[in-house]
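What follows is a single structure, written as structure tokens, with notes after it.
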Number of protein chains: 2
Amino acid sequence: MTEATALTRNQSLVHNTLRQADGPLSAYTILDRLRDDGFRAPLQVYRALDKLTSLGLVHRLESLNAFVACAGEHRHGENELIAFAICERCGQVEEFADPVVCERLEAWAGDNAFHADKTTIEIRGKCAVCRAA
Amino acid sequence: MTEATALTRNQSLVHNTLRQADGPLSAYTILDRLRDDGFRAPLQVYRALDKLTSLGLVHRLESLNAFVACAGEHRHGENELIAFAICERCGQVEEFADPVVCERLEAWAGDNAFHADKTTIEIRGKCAVCRAA
DNA sequence: GACATTACGTAATAACATTACGTTCGATTG
DNA sequence: CAATCGAACGTAATGTTATTACGTAATGTC
Ligand SMILES: [Zn+2]
Ligand SMILES: [Zn+2]
Ligand SMILES: [Zn+2]
Ligand SMILES: [Zn+2]
């Protein structure tokens with residue numbers, strides 16, 4: 001396996017920024033947080049994000065145009081179908097994989113001769129904590 | 001019924017533009033196509049799109065930042081869970097609703113005390129026609 | 001008619017993402 | 001070792017998507 005893929009400095013900085021964040025961050029927010037580390041341009045962030053997402057260390061949330069560090073149990077880099085539950089109030093993101101959902105979507109694809117490259121499942125709403133509050 | 005909701009001129013223009021399109025359009029593409037009809041600013045498009053999506057006549061594709069006229073059988077305006085299969089090659093979008101997927105996601109929400117407001121399911125890939133070609 | 005609501009027009013700006021071009025760094029290999 | 005190749009980087013400019021702000025006009029209700 002390509003287990004110990006060493007990240008570059010920029011990639012590590014972006015990854016750590018996301019891990020320390022308490023929710024998804026936009027590329028420009030990451031940029032701002034890394035000014036002191038020498039980041040000057042969006043492309044520095046986007047390039048690192050591209051690499052990190054391809055490694056499965058970071059996920060892009062399409063409905064938010066933002067990025068979050070992987071917090072799931074799933075194997076990185078695999079073509080696993082992951083769903084995200086995003087709290088609109090506190091920003092917390094939960095990752096989960098549902099085999100039945102996965103299977104049903106694959107079945108639809110099979111029935112319709114559709115070849116799926118990437119599937120996005122994002123649930124926007126309010127988490128348990130915020131509902132109680 | 002939902003049928004008789006009279007759309008305004010701007011809303012109708014945007015809706016017709018999307019219906020005549022052979023795939024998803026960005027707000028700015030719609031704007032360009034409606035220049036001759038007097039559209040001058042993005043907000044004219046976005047306001048119409050907001051209304052049309054709230055009526056269920058148009059869907060926003062989050063992973064594309066684009067909009068498509070509803071082509072499904074589902075009832076407009078309901079909180080139904082719809083999945084989109086988007087061909088990266090030809091741009092065709094298929095809508096479908098899978099009760100099992102819906103049920104499983106609802107079950108997850110129930111188990112986690114999460115209140116879902118809006119759920120996005122988008123499959124990017126290649127459609128049957130484009131695979132054959 | 002007074003009032004609330006919804007939609008509209010316009011301008012400016014904010015937020016998100018990519019293209020282009022040249023350089024630097026590290027690994028491979030002859 | 002140095003030639004070479006590919007990944008990553010720096011910087012600037014530009015392109016794309018979406019919103020804020022402010023005022024006006026049309027429409028429905030009482
Ligand atoms: Zn993950
Ligand atoms: Zn919350
Ligand atoms: Zn639809
Ligand atoms: Zn196709």
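Letters A, B, ... mirror the listed sequences (proteins, then strands); counts begin at 1. The analysis underlying the following values was restricted to heavy atoms, covering all of them including side chains, and did not include hydrogens, waters or symmetry mates.
Within the 4.0 Å cut-off from OP1 or OP2 of D:dA7, not a single side-chain nitrogen or oxygen of A:Thr8 is found. Note on B:Asn65: a side-chain N or O is less than 4.0 Å away from OP1 or OP2 of D:dA18. In terms of phosphate contacts, A:Lys51 brings a side-chain nitrogen or oxygen within less than 4.0 Å of OP1 or OP2 of D:dA8. Applying the 4.0 Å criterion to OP1 and OP2 of D:dT17, one finds that B:Ser26 has a side-chain N or O inside that range. OP1 or OP2 of C:dC8 has not a single side-chain nitrogen or oxygen of B:Gln44 nearer than 4.0 Å. Regarding contacts with the backbone of D:dA26, every side-chain N or O of B:Arg9 stays at 4.0 angstrom or more from both OP1 and OP2.
Here the P atom of nucleotide C:dC8 and the CG atom of B:Leu7 are 10 Å apart, to the nearest Å. Atom CG of A:Leu49 and atom P of D:dC9 are 12 Å apart (whole Å). Note: CG (B:Leu64) to P (D:dA18) measures 11 Å, nearest angstrom. Look at CG on A:Leu61: it is 15 Å from C1' on C:dC16, rounded to the nearest Å. The interatomic distance linking A:Asp50 (CG) with C:dC16 (C1') rounds to 14 Å, in whole Å. As a whole-Å value, the separation of A:Leu31 CG from C:dA14 C1' is 15 Å. Between the C1' atom of D:dA18 and the CG atom of B:Leu25 lies a distance of 17 Å, rounded to the nearest Å. In this structure, the OH atom of A:Tyr28 is 10 Å from the C1' atom of D:dG15, given to the nearest Å.
Shown here for A:Glu62 and A:Glu122, the closest heavy-atom pair between the two residues is N-OE2, 2.7 Å.
More than 12 non-hydrogen atoms from other residues, nucleotides or ligands lie less than 6.0 angstrom from CD of A:Gln92. In A:Asp111, the CG atom is crowded: over 12 heavy atoms of neighbouring residues, nucleotides or ligands sit closer than 6.0 Å.
Closest to the side chain of A:Leu43, from the set D:dA18, D:dA12, C:dT10, is D:dA12. Checking C:dA7, D:dT11, D:dT17 against the side-chain heavy atoms of B:Gln11 singles out C:dA7 as nearest. In this structure, of C:dA20, D:dA18, D:dT20, it is D:dA18 that holds the atom nearest to the side chain of B:Phe67.
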### Message
Using side-chain contact (heavy atoms from CB on, under 4.5 Å), reason through B:Leu52 and B:Leu7 one step at a time and then give a plain yes or no.
### Response
CA-CA 9 Å; B:Leu52 292 167; B:Leu7 299 179; 3.9 Å; yes

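Each of B:Asn10 and A:Thr29 lies near DNA chain C, and the nucleotide nearest B:Asn10 is the one positioned closer to the 5' end.
At least one donor-acceptor pair closer than 3.5 Å links the side chain of A:Arg124 to the backbone N or O of A:Ser63.
Residue B:Arg47 is in base contact, counting any heavy-atom pair closer than 4.0 Å across all strands shown.
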